[in-house]
Amino acid sequence: MDYVAIEKKWQKIWEDEKRFEVKNYVNGKENAYVLIEFPYPSGKGLHTGHVRSYSAMDAVARKKRLQGYNVLFPMGCDAFGLEAERTAIKEKKPPQEIVARNIATFKEQLKCVGLSIDWSRAINTCDPEYYKWTQWLFLQFYKHGLAEKRYANVNWCPNCGVLANEEVEDGKCCQCGSETVQKPKAQWILKITEYADRLNDDLDETEYMEHIKLGQRHWIGKSEGVQVKFKLVQGGEFEIYTTCIETIYGITFMVLAPEHKLIQENKDKIKNWPEVEAYIKQASKKSEFERAELAKTKTGCLVDGLTCINPVNGKEVPIFIGDFVLVSYGTGAVMAVPSHDQRDFEYAVAHNIPMIQVIEGADVSEKAFEKGDYLGKGCKLINSQEFTGLTVEEAKVAITDKLVKMGVAKKQKNFRMQDWVFSRQRYWGEPIPMINCPKCGWVPVPENELPVLLPKVESYEPTKDGESPLSLIDEWVNVKCPCCGGDAKRETDTMPGWAGSSWYFMRYCDPHNDKEFASYDALKAWLPVGLYNGGNEHTNRHLLYARFWDKFLYDIGLSPVNEPFKARVSQGIVLGANGVKMSKSLGNVVDPRDVIKEYGADSLRIWEAFMGDYFADVNWSDEGAKSANRFVGRVCGLKDMLVPGDEVSNELAYEVNYAIKKVTEDIDKIKFNTAISQLMILVNAMYKAKRVNNAEYKILLTLLNPFAPHITEELWTECGYGKNFLNATWPKYDETKLVQNLEEIAVKVNSKIIASAKINPANTQEEILNAVKGIEEIKAQINNKTIVREIYVPGRIINFIVK
RNA sequence: GCUGGUGUGGCGGAAUGGCAGACGCACGGGACUUAAAAUCCCGAGGUGGCAACACCGUGUGGGUUCGACUCCCACCACCAGCACCA
């Protein structure tokens with residue numbers, strides 16, 4: 001059979017009939033939104049790994065349609081980004097051209113897989129019709145005070161310019177591998193930290209896979225503690241942040257970040273200023289990465305001349321600086337309790353500072369007894385005045401109360417996550433729609449002038465001083481201020497790659513709207529996304545950003561939901577046959593088109609569903625596609641064994657009903673491998689029966705349709721069951737048929753399997769056990785012995801314990 | 001270092017605490033064929049045995065249980081993420 005021709009035929013019919021185009025409202029139908037992350041159309045094209053997750057979500061979408069849902073299953077392109085820009089620089093062609101070329105390949109690849117995508121809703125983030133609204137959304141952030149231009153230390157890559165924290169790995173640029181350095185620069189930032197608490201807590205409302213929630217929580221890094229004021233003996237005060245207030249009597253010194261402003265303010269009081277200054281200078285030369293890398297030795301120095309008072313006991317405490325304290329987190333200052341914090345312990349050892357143990361339960365001469373070890377174990381305080389004898393948990397509350405009453409402390413939440421640096425000095429991104437006027441300051445581009453189009457440029461490289469190439473186009477940069485009409489300049493920074501993907505799932509709901517980014521009614525029809533599938537690499541950042549944008553839009557009344565995604569899952573990676581990630585340079589990339597040419601898309605899809613647990617990594621194998629092809633052939637072969645019959649026969653009742661149950665549940669649980677396996681079992685049973693009737697065949701084809709949509713529709717029409725598979729209905733199983741008349745059960749004596757018995761599960765336990773005791777092998781084992789216990793677990797096991 | 005995940009035949013992988021290895025690949029045997037391919041049927045964890053059968057088997061060592069791949073404790077190996085977050 002020429003599968004490829006059949007598949008082409010159906011793909012054309014689906015396209016001509018606009019089968020999978022969906023309206024926002026269909027009378028009497030419930031809506032379901034199935035979303036898979038849109039691809040970045042790189043020059044590499046798609047490989048079989050993409051096909052696995054696309055066809056998996058396609059299966060979910062197709063099944064939902066057959067179950068009577070109105071299903072939105074869209075696709076698009078995340079087209080801005082560094083890769084296209086680099087190719088543009090290399091090939092000296094506009095990135096628009098590169099992207100158009102890549103999208104064409106990508107569409108061709110996707111189409112031959114036979115996905116039930118509504119292509120009329122396709123979007124592309126670099127299309128001005130789309131990025132007009134990305135710019136508009138930025139302006140809403142600005143108008144609500146959530147976007148501002150601020151000097152900040154940024155990661156600077158000599159090749160790629162400014163990088164987000166996320167783009168730096170091990171002190172190196174994640175794109176080009178160059179060493180990065182810290183550089184201060186005025187940057188547009190989005191104040192995502194204002195949403196940190198909700199981004200953390202609202203995860204409880206979602207049904208994300210547990211590891212994804214953990215990833216989000218870790219990235220946000222919420223901690224709850226106490227912020228305490230310490231008075232300087234020399235006048236003035238500073239604050240520290242701690243999550244271990246119970247150890248406050250164990251303070252033997254304080255550590256400030258080298259950049260802490262208290263140091264500069266008290267320069268004249270510091271007796272060893274040259275030493276302190278030298279240390280600050282040395283620390284500032286290190287990148288964040290180097291500071292982290294030198295974790296083993298805790299460097300720093302005493303700030304001679306400054307001391308402070310511990311508010312709980314009035315003790316005078318020395319002050320140090322050390323670069324293990326980060327100025328960007330908490331208050332940039334810590335109370336050091338070497339007995340109960342390993343970093344403080346190491347610092348104290350290195351600088352000969354005494355220690356005071358305040359929690360009993362471990363020896364602190366070699367290493368600190370830390371919160372991870374003492375919390376929740378009922379450990380008690382020592383050396384802590386009136387708090388001595390309280391448990392750690394009691395002391396946390398009591399000490400906080402005391403400090404709050406004294407007016408020197410407050411409870412405080414802190415987050416590891418920092419504000420989102422939203423500027424890039426690159427060409428290939430959405431221009432940030434702002435104008436800088438010498439008189440009026442930053443002025444937004446009027447909304448009716450959007451989009452701010454990317455102008456054509458000669459060269460796409462950033463300038464030598466690290467500005468966007470847009471800054472070189474005078475006629476683009478120089479504009480009149482929308483406010484006062486005077487001479488002004490456009491912002492030349494562009495947005496990061498994450499911008500367009502932060503709201504694309506909303507645009508799908510209303511992709512051609514030229515009045516709004518998406519109408520509230522359209523969003524209300526589809527959101528929240530029922531199932532969102534994407535790669536593990538986007539679990540932290542993209543997901544966080546998209547949730548942030550949605551929460552903001554929810555707050556200003558433009559989104560109907562506080563959480564945009566109900567469930568989120570991440571597929572495993574399809575590795576090359578050699579067990580390593582597919583990459584062009586290793587030559588282990590498999591182009592789905594090659595597999596489809598040989599075996600057809602249905603076989604590829606079945607094999608990718610069957611090859612293993614969807615959430616675990618798997619190695620690609622060509623052999624598997626062949627075996628799936630064999631299975632498709634067997635399904636086709638059944639057509640020759642067709643006999644009349646409008647009802648499922650008794651002979652196949654159990655297999656058919658069990659398959660319905662199993663496949664339905666497995667697709668819901670995204671256990672495609674066992675769903676396919678059950679279909680194979682059903683087909684095997686039909687072959688064993690040497691016949692199959694129409695009712696049974698219809699059920700088989702329907703259950704298989706989500707995975708193999710072409711061949712099932714072909715057989716469906718050939719058998720005269722209908723002309724459009726969308727008119728089929730997903731079968732329901734008959735619970736009564738799942739009970740077999742006689743069932744095999746293992747019989748054990750003293751937990752050892754002795755026999756396998758056929759029993760009638762409808763009988764009473766006593767009848768069954770008596771019948772089983774009559775079996776020869778069992779008789780031999782229990783004769784002349786006393787049965788001390790009889791265990792019967794219906795459907796599972798019988799076990800006699802004898803003495 | 002911390003967090004999370006994984007560990008089952010030659011291979012990919014199944015198993016609400018209940019006959020471990022479903023289903024498939026590769027393999028062996030048979031049918032069909034002049035022959036091969038394709039297809040269909042049968043077999044198969046390991047060791048020993050002609051065989052019936054016996055013993056051993058889910059990373060390692062303990063534990064709970066009538067019964068453990070599954071639950072608990074300790075450990076090993078590999079993979080991924082985070083890495084001074086006070």
Side-chain angles (χ1 to χ4, degrees), chain A residues 169-170 210-212 214-215 217-219 221-223 225-227 240-245 247 255 257 288-289 291-296 298 322-326 328-337 340-344 346-347 370-372 414-418 536-537 539-540 572-573 579 606-607 610-613 615-628 630-631 633-634 637 671 673-681 683-684 687-688 690 744-757 788-802:
Chain A
E169 285 161 12
D170 292 348
E210 208 46 44
H211 78 273
I212 297 177
L214 275 167
R217 289 220 158 86
H218 192 251
W219 194 268
K222 178 175 176 172
S223 83
V226 185
Q227 199 159 304
I240 60 95
Y241 172 73
T242 181
T243 56
C244 306
I245 196 67
T247 62
V255 188
E288 290 268 337
F289 173 67
R291 275 170 71 157
E293 201 181 29
L294 298 169
K296 275 160 203 129
K298 294 280 175 288
D323 66 7
F324 79 88
V325 179
L326 306 175
S328 54
Y329 183 80
T331 59
V334 300
M335 62 181 218
V337 184
H340 302 288
D341 182 290
Q342 189 58 25
R343 290 158 310 176
D344 299 347
E346 286 163 23
Y347 195 95
E370 295 196 277
K371 63 177 163 185
N414 264 321
F415 301 92
R416 179 186 308 236
M417 185 173 72
Q418 295 184 19
N536 272 314
E537 69 277 22
T539 296
N540 292 339
I573 303 167
I606 287 171
W607 166 233
F610 182 64
M611 68 201 309
D613 186 310
F615 304 113
D617 294 353
V618 276
N619 294 5
W620 173 260
S621 113
D622 291 317
E623 293 303 310
K626 198 166 110 189
S627 79
R630 195 175 294 165
F631 172 63
R634 278 169 77 77
K671 305 268 291 175
N673 52 340
T674 46
I676 298 290
S677 135
Q678 201 58 48
L679 288 169
M680 288 172 169
I681 291 169
V683 169
N684 289 348
Y687 268 85
K688 198 155 213 168
K690 297 194 172 69
E744 287 259 323
I745 192 162
V747 186
K748 296 179 172 184
V749 174
N750 281 347
S751 303
K752 199 173 159 180
I753 293 161
I754 301 301
S756 188
V788 291
R789 204 171 151 192
E790 294 176 342
I791 295 152
Y792 170 55
V793 184
R796 301 290 182 192
I797 203 97
I798 293 169
N799 193 1
F800 298 107
I801 308 302
V802 299

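Throughout, protein chains are lettered first and strands after them, A, B, ... in sequence-line order, and every chain is numbered starting at 1. In this text, all values refer to a predicted model and were calculated from it rather than measured experimentally.
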**Study point:** Among B:C85, B:G18, B:C23, the one nearest A:Y329 by side-chain distance
**Key:** B:C85
Check your understanding: When the nearest nucleotide of RNA chain B is assigned to A:K688 and to A:N750 on a heavy-atom basis, which residue is associated with the more 5' position?
Key -> A:K688
Exercise for review: Tell me which nucleotide among B:C41, B:C85, B:A86 gets nearest to the side chain of A:V325.
Suggested key: B:A86
Exercise for review: May I ask you to say what A:Y687 touches in the nucleic acid, namely base, sugar-phosphate or nothing, with a heavy-atom cut-off under 4.0 Å?
Suggested key: sugar-phosphate
Review point. Between CD1 of A:I753 and CD1 of A:I798, what distance do you get to the nearest 0.5 Å?
Key: 12.5 Å
Exercise for review: Scan every strand shown for a Watson-Crick or G-U wobble partner of B:A83, both distances under 3.5 Å, and answer none if you come up empty.
Suggested key: none
Check your understanding: Between B:A22, B:A26, B:C19, which nucleotide has the shortest distance from any of its atoms to the side chain of A:I753?
Key -> B:C19
Check your understanding: Can you list the steps and then say if A:N684 with A:R634 is a side-chain hydrogen bond (donor to acceptor under 3.5 Å, both in side chains)?
Key -> CA-CA 9 Å; A:N684 289 348; A:R634 278 169 77 77; 2.9 Å; yes
Practice item. Let me know the distance between CD of A:E210 and P of B:G4, rounded to the nearest Å. Key: 11 Å
Practice item. Determine if the base of B:G5 is syn or anti; take syn to mean the glycosidic torsion is within 90° of 0. Key: anti
Check your understanding: Between the side-chain atoms of A:K298 and the base atoms of B:C84, is any donor-acceptor pair under 3.5 Å?
Key -> yes
Check your understanding: Paired with B:C69: which nucleotide, if any, by Watson-Crick or G-U wobble criteria at under 3.5 Å for both distances?
Key -> none
Check your understanding: B:U58 and B:G45: how far apart are their P atoms, nearest whole angstrom?
Key -> 16 Å
Review point. Any side-chain N or O of A:N673 less than 4.0 Å from the OP1 or OP2 oxygen of B:A14?
Key: yes
Check your understanding: What does B:C19 pair with, Watson-Crick or G-U, if both distances are under 3.5 Å?
Key -> none
Check your understanding: For atom P, what is the distance between B:G10 and B:G57, given to the nearest Å?
Key -> 16 Å
Check your understanding: Looking only at atom P, what distance separates B:C23 and B:A74, rounded to whole Å?
Key -> 38 Å
Review point. For the atom pair CZ (A:F800) and OG (A:S751), what is the distance rounded to the nearest 0.5 Å?
Key: 12.5 Å
Exercise for review: Remember a base hit wins even if backbone is also touched, and classify A:E744 as base, sugar-phosphate or nothing at under 4.0 Å, heavy atoms.
Suggested key: base
Check your understanding: Between B:A15, B:C85, B:C23, which nucleotide has the shortest distance from any of its atoms to the side chain of A:L326?
Key -> B:C85
Check your understanding: Checking A:N673 side chain against A:M611 main chain: does a donor-acceptor pair fall under 3.5 Å?
Key -> no
Review point. Could you give the CH2-to-C1' distance, from A:W607 to B:A26, as a whole number of Å?
Key: 12 Å
Review point. Any idea which of B:C85, B:C66, B:G18 is nearest the A:R416 side chain?
Key: B:C85
Check your understanding: Does A:K671 put a side-chain nitrogen or oxygen below 4.0 Å from OP1 or OP2 of B:A15?
Key -> yes
Review point. Within the side chain of A:N750, is there an N or O that forms a donor-acceptor pair under 3.5 Å with the backbone of A:V802?
Key: yes
Review point. So, does the side chain of A:R796 form a donor-acceptor pair with the base of B:U16 at under 3.5 Å?
Key: yes
Exercise for review: Scan every strand shown for a Watson-Crick or G-U wobble partner of B:C32, both distances under 3.5 Å, and answer none if you come up empty.
Suggested key: none
Practice item. Examine distances only and state if a side-chain atom of A:W607 and a backbone atom of A:D622 form a donor-acceptor pair shorter than 3.5 Å. Key: no
Point to revise | Distance between C1' atoms of B:U8 and B:U70 (Å, rounded) | key: 12 Å
Exercise for review: Using the C1' atom on both, measure B:G12 against B:G63 and round to a whole Å.
Suggested key: 34 Å
Study note, to complete from the structure: B:A54 -> Watson-Crick or G-U wobble partner, both distances under 3.5 Å, gives B:U47
Exercise for review: Please tell me which of the listed nucleotides, B:G4, B:A14, B:C25, lies nearest to the side chain of A:T674?
Suggested key: B:A14
Review point. In whole Å, what is the span from the CD1 atom of A:I676 to the P atom of B:A14?
Key: 14 Å
**Study point:** Gap between atoms CG and P, on A:N799 and B:A68 respectively (whole Å)
**Key:** 11 Å
**Study point:** Check: A:N799 main-chain N/O paired with A:Y792 side-chain donor or acceptor under 3.5 Å
**Key:** no
Check your understanding: Between B:C76 and B:G61, how far is it from one C1' atom to the other, in whole Å?
Key -> 10 Å
Check your understanding: Contact class for A:N684 (heavy atom, under 4.0 Å): base, sugar-phosphate, or nothing?
Key -> sugar-phosphate
Review point. So what does A:V618 hit on the nucleic acid, given a heavy-atom distance under 4.0 Å: a base, only sugar-phosphate, or nothing?
Key: sugar-phosphate
Check your understanding: Which listed nucleotide (B:C19, B:G24, B:G4) is nearest to the side chain of A:H211?
Key -> B:G4
Exercise for review: Assign A:N619 to base, sugar-phosphate, or nothing according to its heavy-atom contacts below 4.0 angstrom with the strands shown.
Suggested key: nothing
Check your understanding: Between A:R634 and A:R789, which is nearer to the 5' end of RNA chain B once each is assigned its nearest nucleotide?
Key -> A:R634
Check your understanding: Using the P atom in both, what is the distance from B:A20 to B:A68, to the nearest Å?
Key -> 10 Å
**Study point:** Minimum-distance nucleotide to A:V334 side chain [options: B:A86, B:G13, B:G18]
**Key:** B:A86
**Study point:** Nucleotide of B:A86, B:G24, B:G4 approaching A:T243 most closely (side-chain heavy atoms)
**Key:** B:A86
Revision key, fill the gap. Applying the 3.5 Å cut-off to both distances, the Watson-Crick or G-U partner of B:U6 turns out to be B:A77
Check your understanding: Atom NZ in A:K752, atom CD1 in A:I754: separation rounded to 0.5 Å?
Key -> 6.0 Å
**Study point:** Of the listed nucleotides B:G12, B:C82, B:C84, the one nearest the side chain of A:H218
**Key:** B:C82
Exercise for review: Determine the Euclidean distance between corresponding C1' atoms of B:C66 and B:G5; express it in Å to zero decimal places.
Suggested key: 33 Å
Check your understanding: Is any side-chain N or O of A:R630 closer than 4.0 Å to OP1 or OP2 of B:A26?
Key -> yes
